[in-house]
Amino acid sequence: MKHLATILCLAIAVCAQARRPQDKTEPDCGCEAKAPSDLLAIVNGVKIAAKDVDEPIKATLDNLRKQVISARASELYLQINSLLLEAEAKKRGMSPVKLLEQEVMSKVKEPAEAEAQEFYDKNKDRIEGEFKDVKNQVIGYLRSQRQSEAAKDFARRLREQSDVQVIDKASPQNEADRAQVVAVVGGAKITSGEIEDSLRPLIFNIQEQLYQIRKQQLDLTINNMLLEQEAQKRKITARALLEAQVKSKAKPMTEDDARKFYDENKDKIKGEFAQLKDQILSYLRDREDREAQGAFAAQLRSAAVIEVFLSPPDPPRYNIATDDQPSKGRADAMVTIVEFTDFECASCARAQPVIARLMAEYGDRVRLIVRDFPLEKHPRAFKAAEAAEAARDQGKYWQYVEVLFANQSALQIADLKQYATRVGLDREKFDAALDSGRFSDKVQRDLREGMKVGVNGTPTIFVNGRPMKENSYEALKAAVETALSRKKQLRGASALQTR
């Protein structure tokens with residue numbers, strides 16, 4: 001069965017989009033971490049203003065901001081639909097999962113192979129691989145499309161029979177704004193703060209993109225300014241100076257260079273060398289020119305006095321629930337590591353010895369919490385997560401998941417039950433829990449809450465609520481050390497205040 005969290009997302013865009021004020025000004029996206037300073041840099045005493053950097057990239061920046069505005073409207077309707085679903089499920093005396101099975105999943109006709117073939121034939125110019133190799137993916141895509149339509153239709157019917165009021169509000173600028181009600185669903189209120197909390201992962205992602213785009217444009221502006229300054233010193237044009245530097249630094253490309261590049265990359269290149277030789281030579285010459293320009297820019301920078309005032313956004317810190325979850329370590333540990341994992345994910349298996357090493361190294365100072373996030377591309381991961389919960393119910397979670405990670409290619413129901421015997425579980429109790437889906441709601445809860453904090457792949461690891469970009473031992477150790485340092489500083493400050 002498709003994950004509940006995903007099905008809910010399918011039903012977002014059902015009714016008209018949220019109404020917006022009828023003025024001609026674009027709504028504030030509320031996605032700038034902090035407004036960039038009017039002054040972004042000083043290069044050899046010359047100032048670079050924010051407007052000079054933003055103007056050439058204005059369209060790109062505006063498109064990113066519009067993504068947040070659109071996501072805010074979509075998130076509002078997702079939360080409305082979620083409340084409607086929960087209310088209807090309660091009215092019928094069943095869980096939301098069962099209601100979706102009844103009203104959505106049971107009404108979706110499984111795509112036939114002939115339908116998949118027809119879709120493939122119409123779109124094969126955009127699909128890599130022969131039909132026999134991608135048949136299952138095509139069928140899965142068609143099934144997902146039908147589920148989406150069924151979910152939208154169900155959500156539409158729920159809205160038509162319910163009292164839903166949507167209230168226009170701008171993005172919150174302070175805590176008071178967060179308390180503003182943006183929708184009322186059968187008496188239940190949705191606040192601006194609830195919408196913004198759900199958007200935190202997206203907004204941070206947009207903030208990072210805004211920063212990177214500005215930084216690239218600022219670097220280009222600095223390089224151009226240094227080039228102009230150097231050209232003035234030499235009393236030639238900037239273009240002439242750059243061409244002279246490229247000619248003196250760039251290595252001439254020959255047919256032998258093109259042949260070598262072709263041989264090293266022919267598994268990724270379609271076509272024979274004779275047909276592609278000129279294209280390869282052009283690519284190699286362009287690459288050499290770029291490298292020569294980069295080397296000259298670095299040379300100019302090394303001799304310049306440059307101050308940059310553009311700073312990256314601070315990553316958000318999420319308050320991730322740790323109640324009723326598998327854990328290792330003291331409950332009052334200074335650092336909490338939360339891992340969202342998938343038992344069919346090879347990267348998750350590789351992360352286990354890294355985490356175990358850190359736990360052994362830091363002892364009581366670190367606590368580990370594991371939450372489930374079975375990915376849809378792993379068809380056996382969801383049931384494996386249920387099985388792990390069934391093992392936890394008997395006090396043998398860690399022994400059981402060790403077996404799961406060691407046998408990722410064998411996670412069928414029969415395998416899961418065999419592993420229960422291997423670790424000494426009560427098979428009758430375990431089998432009954434697995435067959436009945438007793439722990440399905442626990443896994444669904446982890447999926448929903450993982451999506452709220454931006455989890456979209458596994459393993460996703462948080463250290464004291466801050467998401468990791470890299471899961472290597474070195475990166476995790478550095479994050480733990482930073483978290484320990486922050487805790488010590490907070491304790492020190494608290495001790496001073498109490499004196």
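For the pair R357 and Y473, the cation-pi criterion (under 6.0 Å, within 45° of the ring axis) is fulfilled.
Applying the ring-ring contact (aromatic ring centres under 6.0 Å, His included) test to Y397 and every residue at least two apart in sequence or in another chain returns nothing.
In this structure, F462 and F340 have perpendicular ring planes: the angle between them is above 60°, well past the 30° mark.
A donor-acceptor pair under 3.5 Å is absent between the side-chain atoms of E88 and the main chain of E86, judged by distance alone.
For D372 and K442, the salt-bridge test fails: no basic side-chain N is under 4.0 Å from an acidic carboxylate O. A salt bridge is absent between D435 and K383: the closest approach of a Lys/Arg side-chain nitrogen to an acidic carboxylate oxygen does not fall below 4.0 angstrom. Salt bridge annotation for R157-D153: present, with a cationic side-chain nitrogen under 4.0 angstrom from a carboxylate oxygen. Salt-bridge formation is detected for the pair K469/E208: a Lys NZ or Arg NE/NH1/NH2 atom is positioned less than 4.0 Å from an Asp or Glu carboxylate oxygen. Taking the charged nitrogens against the carboxylate oxygens, E103 and K107 do have a contact shorter than 4.0 Å, which makes a salt bridge.
Inter-residue side-chain proximity for E101 and S106 is flagged as unmet; no heavy-atom pair is nearer than 4.5 Å.
Sorted by first then second residue, the salt bridge (charged side-chain N to carboxylate O under 4.0 Å, His left out) pairs that include residues 172-198, not counting sequence neighbours, are R72-E196, E175-R178, R178-D197. Residues in residues 90-122 take part in these ring pair (Phe, Tyr, Trp, His ring centres under 6.0 Å) pairs, two or more places apart or across chains: F119-Y141, Y120-F131.
For F439 and F382, the ring centers are positioned 6.0 Å apart or more.
Side chains of E339 and Q352: a donor on one and an acceptor on the other come within 3.5 Å.
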